[in-house]
Amino acid sequence: MMDQTDIGAIKQPGFLGEGLRQLGLYLLVAFYPAYVYLNAHNGFYAESVMVMLLLLLLPRIIFSKAEYRPELPIPLLLWAYGTIGLISLWFPSSNYADYQWFMDSFPRIIIGAAILWAIGMLNRKEVGIVRLICLISSLWLSLSVISVHYGLLDKSIYGYLTLWPVISYASNAKYFSFWLLFSTWGLIAMFWGKSLRASLLAGLCYLLAGWAILLTTSESAQLALAVSTVIFIGAHLRMGRYRYYILLSVVLLMAVLPLIWVIGAPLRPEDSGSLLYKNWAVGSRVYLYDFCASLVRESFVFGYGYGASMNIPVPSGSLPGWSLLPGGHPHNIFFLLMIEHG
């Protein structure tokens with residue numbers, strides 16, 4: 001992120017350009033949490049929301065592009081991702097590759113890159129305002145979830161904040177739970193350790209967000225809360241000079257464990273009374289990962305092509321109750337990459 005002193009020699013946008021550039025960014029930061037909480041549901045309204053996000057970002061990019069000196073080559077990353085995807089479609093290793101999904105998903109990736117671009121151009125003043133907006137939206141979302149759960153508030157009263165109907169589905173709970181989790185850790189990163197007051201504020205955000213997530217029906221978000229909390233605590237333990245290597249090993253385990261699963265599958269216990277089956281979110285993933293591991297083994301080098309995870313049929317008995325992968329993906333990013341790209 002750039003400080004104003006770093007760009008003093010660069011021509012600044014005019015008053016109108018400066019106002020538009022800032023307004024779009026602030027509206028995006030304030031609008032998206034409300035959309036996620038009130039409307040997000042398995043892709044409903046997603047295309048129109050993508051257009052709105054892009055419209056909000058355009059002034060930011062147009063009026064600020066002269067200031068940006070990217071440390072991260074975002075266009076190259078997009079080019080690399082697009083190349084991998086297109087190669088798997090032009091020279092598919094199976095009939096399950098999905099060209100239409102590539103066309104549908106790539107614009108979202110571009111908009112995501114544009115958001116990163118816009119964030120990369122924040123100056124010190126804008127960082128402060130964005131931090132404040134994120135803090136208010138996080139507290140609002142946490143308190144709203146808690147209040148609705150205990151019957152102190154009706155979620156429908158927020159109808160004036162959105163263009164679409166207010167919904168209350170299980171998948172909606174997963175959307176806003178994960179957004180709340182991600183935004184809370186972002187706030188903790190911005191506030192933790194800055195001062196005693198800032199750390200207490202970060203702790204308050206964590207406690208309210210954790211309380212709210214534990215009240216939802218999203219078991220995966222609750223598991224993510226537990227895992228991320230352990231990681232946060234572990235990152236603050238004294239590890240001496242081996243700290244970096246220990247943390248790196250933990251991160252690499254996320255990629256190594258799926259590979260071990262591929263080699264050793266099936267790993268699910270035969271005893272249906274096993275502790276793993278006491279929790280549906282965990283037990284169902286054991287079946288799912290066993291099936292994904294078998295897919296990877298069958299096409300280990302080349303994979304099945306971009307978007308194939310949405311089309312690969314599930315043989316009877318492999319995943320009880322499912323004819324395709326639930327949700328159209330393996331629920332693990334490394335399994336997804338191995339299945340589609342080898």
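Computed from a predicted structure; not experimentally measured.
No single ILVMFWY cluster, assembled from side-chain heavy atoms under 4.5 Å apart, contains both Leu324 and Tyr306. Trp192 and Leu196 fall into different hydrophobic clusters, defined by Ile, Leu, Val, Met, Phe, Trp and Tyr side-chain heavy atoms under 4.5 Å apart, directly or through other members. At a threshold of 4.5 Å between side-chain heavy atoms, the hydrophobic network of Ile, Leu, Val, Met, Phe, Trp and Tyr places Ile87 and Tyr99 in one connected group. In terms of hydrophobic clustering, with Ile, Leu, Val, Met, Phe, Trp and Tyr side chains grouped at heavy-atom distances under 4.5 Å, Leu225 and Phe232 are assigned to a common cluster. Hydrophobic clustering keeps Tyr32 apart from Ile136 (ILVMFWY residues linked when any side-chain heavy atoms are closer than 4.5 Å, directly or through intermediates).
Residues Pro315 and Phe291 come closest through the heavy atom pair CD-CE1, 3.4 Å. Nearest heavy atom pair, residue Leu153 against residue Tyr158, reads CD2-OH, 3.4 Å. Closest approach of Phe178 to Ser220, counting heavy atoms only: CE1-OG, 3.5 Å.
Judged purely by atom type and a 3.5 angstrom limit, Gln222 uses its side chain to pair as donor or acceptor with the backbone of Thr216. Judged by distance alone, the side chain of Asn172 and the main-chain N or O of Val36 form a donor-acceptor pair under 3.5 Å. Put simply, the side chain of Asn311 gets close to the backbone of Tyr96: a donor and an acceptor are under 3.5 Å apart. Between the side chain of Ser199 and the backbone N or O of Ser195, at least one donor-acceptor pair lies under 3.5 Å. In this structure, Ser218 contributes its side chain and Ala173 its backbone to no donor-acceptor pair below 3.5 Å.
Rounded to the nearest 0.5 Å, atoms CG (Leu288) and NE2 (His331) are 6.0 Å apart. Once rounded to the nearest 0.5 Å, the distance linking CG of Leu295 with CE of Met338 reads 11.0 Å. Residue Ile339 holds its CD1 atom at 4.0 Å from SG of Cys292, rounded to the nearest 0.5 Å. Taking OG1 of Thr229 as the start and CD1 of Ile233 as the end, the distance is 6.5 Å to the nearest 0.5 Å. Taken from CD1 in Ile213 to OG in Ser142, the straight-line distance is 7.5 Å, to the nearest 0.5 Å. Atoms CZ and OG, from Phe176 and Ser144 in turn, are 9.5 Å apart once rounded to the nearest 0.5 Å.
As a member of the Ile/Leu/Val/Met/Phe/Trp/Tyr network built from side-chain separations under 4.5 Å, Leu152 groups with Leu135, Leu139, Leu143, Ile146, Tyr150, Leu187, Met190, Phe191, Leu201, Leu204, Leu208, Trp211, Leu215.
With a 4.5 Å cut-off on side-chain heavy atoms, Glu298 and Tyr304 count as touching.
Partners of Ile231 according to the side chain to side chain contact (heavy atoms under 4.5 Å, CB included) rule, which considers only residues two or more places apart in sequence or in another chain, are Val227. For Asn332, the side-chain hydrogen bond (donor to acceptor under 3.5 Å, both in side chains) criterion is met by no residue, not counting sequence neighbours.
No option in Ser94, Ser299, Ser309 other than Ser309 meets the side chain to side chain donor-acceptor pair (under 3.5 Å) test with Glu340.
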- Task: Give the intermediate values and the outcome of side-chain contact (heavy atoms from CB on, under 4.5 Å) for residues Asp154 and Val148.
- Result: CA-CA 6 Å; Asp154 187 345; Val148 169; over 6 Å; no
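Ring centroid separation for the pair Tyr37 and Trp179 does not come in under the 6.0 Å cut-off.
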